[in-house]
Amino acid sequence: MRTPVHGWRWRRNPLRRRADVVEAWTVLVVVVLLSVVAPLVGVAAGLYAHDQARALAVEQRAERHQVRAVVIGGPPERRSALEGDRRRPYRAQVRWTEPGKGARTAWARVPTGTRAGEPVSVWFDSGGRSVAPPPDDLAVWQHTVTVGLCAAGGTATVVLLGHLIGRRIALRHRLEEWEREWARTGPRWTQPRM
């Protein structure tokens, strides 16, 4: 039965080696890095990503406009393969009326399953090209959380890999230390006694 001895690397004793002290300090540093630095890196990256995504969303809202149009072109030939997924858009010809410019026609992305004659909301940029809608607040927050979690996870991975490498180096030094000690002590134990 083994009795656990807590904190033996910190206390003075004849069995404690320099590599044990170094390993104890690295464990303390790793705990601090994982509990303080990794979350702070995640928060900082998330806030930066939030600012960038919000600025991009504002810019896209300014240059894009939504129109209510009617689908006039037929769906693609392979519509039956896409029928089950209503989120996946396809290109169809749509018509809408702009005040002062009259009726306009263009190709735009419409939801799968939309038939000719059905009204749809489509987005166009300032050049009249069909584009995806600008990101809403939910998409901005999803991006923020994803970047923050990835940054914190990446930081934690780097810290843990560094700790693993440090432990390997400490183990190698500890074994070299034991070899030197045994080279000094071993001959006294292995000599024949008379």
Side-chain angles (χ1 to χ4, degrees), residues 1-64 81-82 84-90 109 112 123 131-194:
M1 179 183 280
R2 291 178 47 170
T3 304
V5 179
H6 300 290
W8 69 273
R9 289 185 170 120
W10 296 101
R11 287 184 269 158
R12 293 198 178 278
N13 67 55
L15 298 177
R16 185 183 74 175
R17 308 225 184 279
R18 190 172 57 109
D20 297 328
V21 175
V22 169
E23 187 175 355
W25 279 105
T26 57
V27 167
L28 182 65
V29 168
V30 165
V31 167
V32 169
L33 289 174
L34 288 177
S35 61
V36 176
V37 175
L40 286 177
V41 168
V43 167
L47 290 175
Y48 179 77
H50 184 266
D51 291 342
Q52 296 296 318
R54 193 165 184 117
L56 178 67
V58 167
E59 178 184 320
Q60 287 182 356
R61 284 186 195 119
E63 73 177 24
R64 297 177 182 187
L82 300 173
D85 188 6
R86 290 198 53 89
R87 297 169 296 168
R88 186 173 180 168
Y90 70 92
R109 294 182 215 179
T112 300
W123 287 84
V131 293
D136 58 356
D137 287 338
L138 179 63
V140 169
W141 278 107
Q142 286 174 339
H143 178 71
T144 300
V145 170
T146 302
V147 169
L149 287 175
C150 287
T155 303
T157 301
V158 168
V159 167
L160 290 174
L161 283 175
H163 178 63
L164 180 66
I165 291 169
R167 283 189 59 126
R168 296 286 250 200
I169 293 169
L171 177 63
R172 190 178 67 213
H173 286 295
R174 185 179 303 125
L175 291 176
E176 288 171 0
E177 241 180 289
W178 286 349
E179 279 295 320
R180 284 192 301 271
E181 291 280 332
W182 183 250
R184 215 172 337 140
T185 309
R188 285 188 288 163
W189 286 34
T190 56
Q191 288 180 351
R193 297 184 188 183
M194 294 194 194

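Predicted, not measured: the structure shown is a model, and the values here were computed from it.
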Next item on the list: Assess whether atom CZ of Arg54 is packed by more than 12 heavy atoms of other residues, nucleotides or ligands within 6.0 Å.
Entry: no

Next item on the list: Please round to the nearest 0.5 Å and tell me the distance separating atom CG of Leu171 and atom CD of Glu176.
Entry: 10.0 Å

Note to self: Just checking Glu63: does its CD atom have more than 12 heavy atoms from other residues, nucleotides or ligands closer to it than 6.0 angstrom?
What the structure shows: yes

Next item on the list: Report the distance from atom CD1 of Ile169 to atom CZ of Arg172, rounding to the nearest 0.5 Å.
Entry: 6.0 Å

Can you give the donor-acceptor pairs under 3.5 Å from side chains of residues 139-161 to other protein atoms, not counting sequence neighbours?
from, atom 1, to, atom 2, distance (Å)
Thr144, OG1, Val140, O, 2.8
Thr146, OG1, Gln142, O, 2.7
Thr155, OG1, Ala151, O, 2.8
Thr157, OG1, Gly153, O, 2.8

Please output the side-chain donor-acceptor pairs of residues 32-53 that fall under 3.5 Å, not counting sequence neighbours, one pair per line with the distance.
from, atom 1, to, atom 2, distance (Å)
Ser35, OG, Val31, O, 2.7

Margin query: Please check: side-chain N/O of Arg61 versus main-chain N/O of Pro135, any donor-acceptor pairing under 3.5 Å?
Written below: yes

Next item on the list: To the nearest 0.5 Å, tell me how far Arg174 CZ sits from Glu177 CD.
Entry: 8.5 Å

Margin query: Please check this pair: side chain of Arg109 against backbone of Trp123, looking for a donor-acceptor N/O pair closer than 3.5 Å.
Written below: no

Check: Can you name the nearest heavy-atom pair linking Ala57 to Pro134, along with the distance?
Finding: O-CB, 4.3 Å

Notebook entry, point to check: With sequence neighbours left out, which residue pairs that include part of residues 145-179 fulfil the ring pair (Phe, Tyr, Trp, His ring centres under 6.0 Å) condition?
Noted result: none

Next item on the list: Could I get the full list of side chain to side chain contact (heavy atoms under 4.5 Å, CB included) partners for Glu181, not counting sequence neighbours?
Entry: Arg17, Arg184

